[in-house]
Amino acid sequence: MLNFLPGPVLFMLSLSLLIINTAVWGSLISIGGVVKLVMPAQSARNAVTAVMNRFMWAWACCNGGILYLIAKIEWDVEGLEGLDKNSWYLLISNHLSGFDIAAQTYVLRNHIPMLKFFLKKELIYVPIMGLGCWALDMPFMNRTSPAKLKKNPKLKGKDLATTRRACAKFSNMPTSIINYVEGSRFTQDKHQRQNSPYQHLLRPKAGGIAFTLSAMGEQFTNLLDMTIVYPDAPDDILFWVMNGKVTKIIVRIRALPVPQVDPTRYFSESEYRVEFQRWLNQVWAEKDQQIDALLQTHQSVNNKATSTNHTQAS
């Protein structure tokens, strides 16, 4: 372990290792995308995808190794029991940092299928990244703007139909889709601007998760509600992780029934949308209470440890 090194040295070391790790496995996945492009049979393409998912698993494992090297992190994780790599999951989570996805893939890598994201269709044309995401079978979707829908009402429902076709391949392939329902990373500035009713969270947005459930809700085994907390990290979590200053990461996971969404009613009835938003707001209220309890417990333990140390020193 190298956390005895000065922070700036650790930062440069961890940055270099993370870049190398991502570049190596990202390049291999992109090469797999090229191979997959020329495969004539769907079964062969599925086999390539399985290998690419193992590459992503290796990327997650290497991220864990880098963390072990640069910091002494205690992983406090609950809720992995009963999860199955051969099942289908929709995962929702709070979002605190650019480090979240690395932490989440590391924690979940041996318990559920590797995480996938819904991506905008335009991203498939981004060099290397687009091909790599396609190789991993990340679902690309087209979202028609409200202005275009108003101009051409015939486009209504086309996005959902396109996404359903894109997700049809997942019916025989265990899959995990992650959705950060807050829409962006938590910051105090965003929290104040939103006038969020939650102490530790931004307001959740129901549209993305409703769209996902409308597209492939019948395929999911469970909805996984994941909470991630960095109890001793300041606002810039990624920076402090890379400086070796984060000592604990708390993860809580609970499996919930998959809510049923009627796409016809959701996209045409405001009352139906309001009811679904109420359900999500309640999930978020419970998460907020959970985060507060975890932070209070952590603070209490630290205070006791400090008091004990002072007593022993005197």
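Judged by distance alone, the side chain of Arg203 and the main-chain N or O of Asn195 form a donor-acceptor pair under 3.5 Å. Side-chain N or O atoms of Glu182 include one that pairs as donor or acceptor with a backbone N or O of His95 at under 3.5 Å. Not one N or O on the side chain of Tyr198 forms a donor-acceptor pair closer than 3.5 Å with the backbone of Pro204. Side-chain atoms of Lys287 come within 3.5 Å of backbone N or O of Met226 as a donor-acceptor pair. Panel note: side chain Ser87, backbone Thr221; no donor-acceptor pair is recorded below 3.5 Å. Counting only distance, with no hydrogens or angles, the side chain of Ser14 and the backbone of Met242 share a donor-acceptor pair below 3.5 Å. Side chain of Ser30 to main chain of Leu28: no donor-acceptor pair is present (N/O by atom type, distance under 3.5 Å, no hydrogens or angles). Judged by distance alone, the side chain of Asp100 and the main-chain N or O of Ser97 form a donor-acceptor pair under 3.5 Å. A distance-only check finds a donor-acceptor pair linking the side chain of Asp84 to the backbone of Asn86 [under 3.5 Å]. No donor-acceptor pair under 3.5 Å is formed between the side chain of Arg109 and the backbone N or O of Trp57.
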Q. Going through the checks in order, is the side-chain contact (heavy atoms from CB on, under 4.5 Å) test met by Ile92 and Val283?
A. CA-CA 10 Å; Ile92 58 175; Val283 172; 4.2 Å; yes
Q: Apply salt bridge (charged side-chain N to carboxylate O under 4.0 Å, His left out) to the pair Asp225 and Arg252, showing each step before the final yes or no.
A: CA-CA 8 Å; Asp225 176 28; Arg252 296 290 183 267; over 6 Å; no
Q | Trace of the ring pair (Phe, Tyr, Trp, His ring centres under 6.0 Å) decision for Phe211 with Tyr266 | A | CA-CA 9 Å; Phe211 189 88; Tyr266 185 86; 9.6 Å; no
Q. Can you list the steps and then say if Leu224 with Leu90 is a side-chain contact (heavy atoms from CB on, under 4.5 Å)?
A. CA-CA 6 Å; Leu224 298 183; Leu90 173 59; over 6 Å; no
Q: Give the C-alpha distance, both sets of side-chain angles, the deciding distance and a yes or no for side-chain contact (heavy atoms from CB on, under 4.5 Å) between Phe276 and Leu213.
A: CA-CA 12 Å; Phe276 186 78; Leu213 289 169; 3.9 Å; yes
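The OH atom of Tyr89 sits 12.0 Å away from atom CG of Leu115, with the distance rounded to the nearest 0.5 Å. Note that CE of Met56 and OG1 of Thr105 are 6.0 Å apart. Values are rounded to the nearest 0.5 Å. Put simply, OG on Ser184 and CD on Gln194 are 7.0 Å apart, with the number rounded to the nearest 0.5 Å. Atom CG of residue Leu83 and atom CG of residue Asn110 lie 11.5 Å apart, to the nearest 0.5 angstrom. To the nearest 0.5 Å, the span separating CD on Glu218 from CE on Met216 amounts to 8.0 Å. To the nearest 0.5 angstrom, Gln289 atom CD is 11.0 Å from Ile291 atom CD1.
Of all heavy-atom pairs spanning Phe170 and Thr175, the tightest one is CD2-OG1, 3.3 Å. What you find for Gly244 and Leu10 is that their closest heavy atoms are CA-CD1, 4.1 Å. In terms of heavy-atom proximity, Ser176 sits nearest to Pro113 at OG-O, 3.0 Å. Shown here for Trp134 and Gly33, the closest heavy-atom pair between the two residues is CZ3-O, 3.4 Å. Residues Ile209 and Ala206 share a closest heavy-atom pair of CG2-O, 3.2 Å. Closest approach of Leu223 to Val258, counting heavy atoms only: N-CG2, 3.7 Å.
Residues Lys245 and Ile237 have side chains not in contact (no heavy-atom distance under 4.5 Å, counting atoms from C-beta outward). Side-chain contact between Leu295 and Val229 is present, with at least one heavy-atom pair separated by less than 4.5 Å. The side-chain heavy atoms of Phe117 and Ile177, taken from C-beta on, include no pair separated by under 4.5 Å. For the pair Val251 and Thr227, the minimum side-chain heavy-atom distance is 4.5 Å or more. The shortest side-chain heavy-atom distance between Asn179 and Leu91 does not fall under the 4.5 Å cut-off. The closest side-chain heavy-atom distance from Lys85 to Ile112 is not below 4.5 Å. In this structure the side chain of Leu238 never reaches within 4.5 angstrom of the side chain of Tyr230, judged on heavy atoms. Counting heavy atoms from C-beta on, the side chains of Ile249 and Phe99 come closer than 4.5 Å.
Ile66 and Ile19 fall within the same hydrophobic cluster, where Ile, Leu, Val, Met, Phe, Trp and Tyr residues are linked whenever their side-chain heavy atoms come under 4.5 Å apart, directly or through other members. In the hydrophobic clustering of ILVMFWY residues, with side-chain heavy atoms under 4.5 Å counting as a link, Leu15 and Ile70 come out together. A single hydrophobic cluster is seen to contain both Leu69 and Val9, as judged by linkage of ILVMFWY side chains at heavy-atom distances under 4.5 Å, directly or through other members. With hydrophobic clusters built from ILVMFWY side chains whose heavy atoms lie under 4.5 angstrom apart, Met138 does not share a cluster with Ile31.
Judged by distance alone, the side chains of Lys36 and Thr49 do bring a donor and an acceptor atom under 3.5 Å apart. Defined by atom type and a distance below 3.5 Å, a donor-acceptor pair is missing between the side-chain atoms of Asp288 and His200. No side-chain N or O of Lys72 forms a donor-acceptor pair with one of Thr247 less than 3.5 Å apart. If you check the side chains of Trp88 and Asn222, you find no donor sitting under 3.5 Å from an acceptor. Using modelled atom types and a 3.5 Å distance limit, the side chains of Gln290 and Glu286 yield no donor-acceptor pair.
Counting heavy atoms of neighbouring residues, nucleotides and ligands inside a 6.0 Å radius, atom CH2 of Trp284 exceeds 12 of them. More than 12 heavy-atom neighbours from other residues, nucleotides or ligands sit within 6.0 angstrom of NZ on Lys190.
For the side chain to side chain donor-acceptor pair (under 3.5 Å) condition, the pairs that include at least one residue of residues 15-28, sequence neighbours left out, are Asn21-Trp25, Asn21-Asn63, Thr22-Trp59.
With sequence neighbours excluded, no residue forms a salt bridge (Lys or Arg N to Asp or Glu O under 4.0 Å) with Arg54. With sequence neighbours excluded, the residues satisfying side chain to side chain donor-acceptor pair (under 3.5 Å) with Tyr180 are Gln104.
A salt bridge is absent between Lys248 and Asp232: the closest approach of a Lys/Arg side-chain nitrogen to an acidic carboxylate oxygen does not fall below 4.0 angstrom.
Relative ring orientation between Phe186 and His191 is described as tilted, the plane-to-plane angle lying within the 30° to 60° band.
The distance between the ring centers of Trp75 and Tyr106 falls below 6.0 angstrom. The aromatic ring centroids of Phe267 and Tyr272 lie 6.0 Å or more from each other.
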